[in-house]
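What follows is a set of notes on a single structure, which appears directly below.
A note on names: the letters A, B, ... follow the listed sequences, proteins ahead of strands, and every chain is numbered from 1. Everything quoted here is computed from the prediction, not taken from an experiment.
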2 protein chains.
Amino acid sequence: MIDLAILGLLTEQDLHGYELKKRLGELLSGRASISFGSLYPALARLEAQDHVRAVEQRTAVPITPMTGSLAGELSAFKARVRESSIAKVGGRGKKVYSITEAGRGRLVELMTNPDLSDDRAFTLRVAFARHLDPSSRLELFERRRTELLGRRDALGRRAASRRQDRYLGALQERDADHLANDLAWLDRLIDIERTPTMQSTEESS
Amino acid sequence: MIDLAILGLLTEQDLHGYELKKRLGELLSGRASISFGSLYPALARLEAQDHVRAVEQRTAVPITPMTGSLAGELSAFKARVRESSIAKVGGRGKKVYSITEAGRGRLVELMTNPDLSDDRAFTLRVAFARHLDPSSRLELFERRRTELLGRRDALGRRAASRRQDRYLGALQERDADHLANDLAWLDRLIDIERTPTMQSTEESS
DNA sequence: GGATGACGTATCGAATCGATGTAACGAACA
DNA sequence: TGTTCGTTACATCGATTCGATACGTCATCC
């Protein structure tokens, strides 16, 4: 869900499209970035739904200090052209997006809805978990835990029933390891979440 | 790449669409199955490219032995209708697909092309690895290893540079664990692949 | 002066998803 | 006896997403 990604990022600060893509790329550790082909339509969609609002912004170019030279004149001319053609084809101002109140509501929905199965959506929710209240956060982790336990059972049943070739077996082994890893990781998160000790000292480390 | 999945499965035996989806679902351990909305168009595409061939097949219904009863007559009538309307809306014969020679060539392409980044495609390649000759198989594993090493470096650089909140840190930790896991797993596979000992005894275990 | 690459918005066609429709048939069960 | 449910099976729809491409500015390096 690209909406979750966009709204989550915009909660922290206003951003334009290009920057959104960059941030998301590093947030999700390189892989699983989003493409412009989905980003810009999604932004338009969100704007139409009044979940975000766009502000056209001139490139913060310092209007090239007047030197009297030809180059200066030319630069000023270009700036005027830029200024006037905004509505036409893009005028090269960035469009900076900010989240609206409705958008914040939508984000809460996306963060807390009980969709267990989508791994990428879960990752995004964790990435933005600091915007969640502690109880929702705990609930998120525990529901995820249930989901993973279900998967482990299914995997165990499959492994028991079928006798397969070497490579399929290796894949199942890999899946089992990942699952065990994720469960241990989740348990650690849940533990931390349950311990009532200082949440606020974290920043000062 | 759905083509890879379909061609890989059809290499082993002829199948119809519904069965294809089921097999793929268990092959990929529940998650990451494919939808009908992509399966049937993909089959049509592959048939148009002559990579697979479809054979319409009546349901192996035993033509309802004549009882003379009304029910029997009705049943026979239905069977006749079924028989005649095959070309119309589907007549409820399954379409069984088999792979063609061209399809086998395409499969080799898909299995050996140096696309490193797509995790799902890699998983599929491992699932069908037994159809690969040993040297291609080893190459596949080693290229994947290089890819994962690259990701680990990128992740390390990110972790070193940025100071983040608790949850982003946890995500990076999880990624690092997965990466380490996968690398160890790959190394095991590569080791086995390199050991020249009996490949054929495997089946007899 | 000319190439290269970062920044930035945007669209196009194709691939894919998720939901839904249609239909046959066996089993459950009341 | 009929009716309702789950499974098998093919197919299409609209929406979402991807990957490639286009267009344009600006700075840097050679």
Exercise. Return the orientation label for the A:Phe122 and A:Phe141 ring planes: parallel under 30°, perpendicular over 60°, tilted otherwise.
Key: perpendicular

Q. Heavy atoms under 4.0 Å, any strand shown: does A:Gly37 hit a base, just sugar-phosphate, or nothing?
A. base

Salt-bridge present (B:Arg143, B:Glu139; N to O < 4.0 Å): yes

Taking D:dT17, C:dG8, C:dA15 as options, the one with an atom nearest any side-chain atom of A:Glu19 is C:dG8

B:Leu15 atom CG is separated from D:dA9 atom C1', nearest whole Å, by 14 Å

Whole-Å distance, B:Leu124 CG to C:dT16 P, equals 11 Å

To the nearest angstrom, the CD1-C1' distance between B:Ile6 and C:dA15 comes to 12 Å

Side-chain atoms of A:Ser38 come closest, of D:dC18, C:dA10, D:dA9, to D:dC18

Separation of C:dC17 atom C1' from A:Arg120 atom CZ, nearest Å, is 13 Å

Original post:
Using a cut-off of less than 4.0 Å, is there contact between a side-chain N or O of A:Lys95 and OP1 or OP2 of C:dA10?
Top reply: yes

note: A:Met1, atom CE; C:dG18, atom P; distance rounded to Å ~ 11 Å

Using a 6.0 Å distance limit plus a 45 degree cone around the ring axis, check whether A:Lys94 lies over the aromatic ring of A:Tyr18. no

(Q) If the cut-off is 4.0 Å, is A:Tyr40 near the phosphate of C:dT9, judged by side-chain N/O to OP1 or OP2? (A) yes

Does the pair A:Arg151/A:Asp119 count as a salt bridge with the N-to-O cut at 4.0 Å?
yes

Requested in this report: Please state whether the phosphate of C:dC7, meaning OP1 or OP2, lies under 4.0 angstrom from any side-chain nitrogen or oxygen of A:Tyr18.
Outcome: yes

note: A:Glu47, atom CD; C:dA10, atom C1'; distance rounded to Å ~ 14 Å

Rounded to whole Å, the CZ-C1' distance (A:Phe36 to D:dG24) equals 14 Å

Atom NE2 of A:His16 and atom P of C:dC7 are separated, to the nearest Å, by 9 Å

Under a 4.0 Å N-O cut-off, is there an ion pair linking B:Arg145 with B:Glu142? no

Handout entry: Short side-chain N/O contact to D:dA9 OP1/OP2 from B:Lys21, under 4.0 Å
Key = no

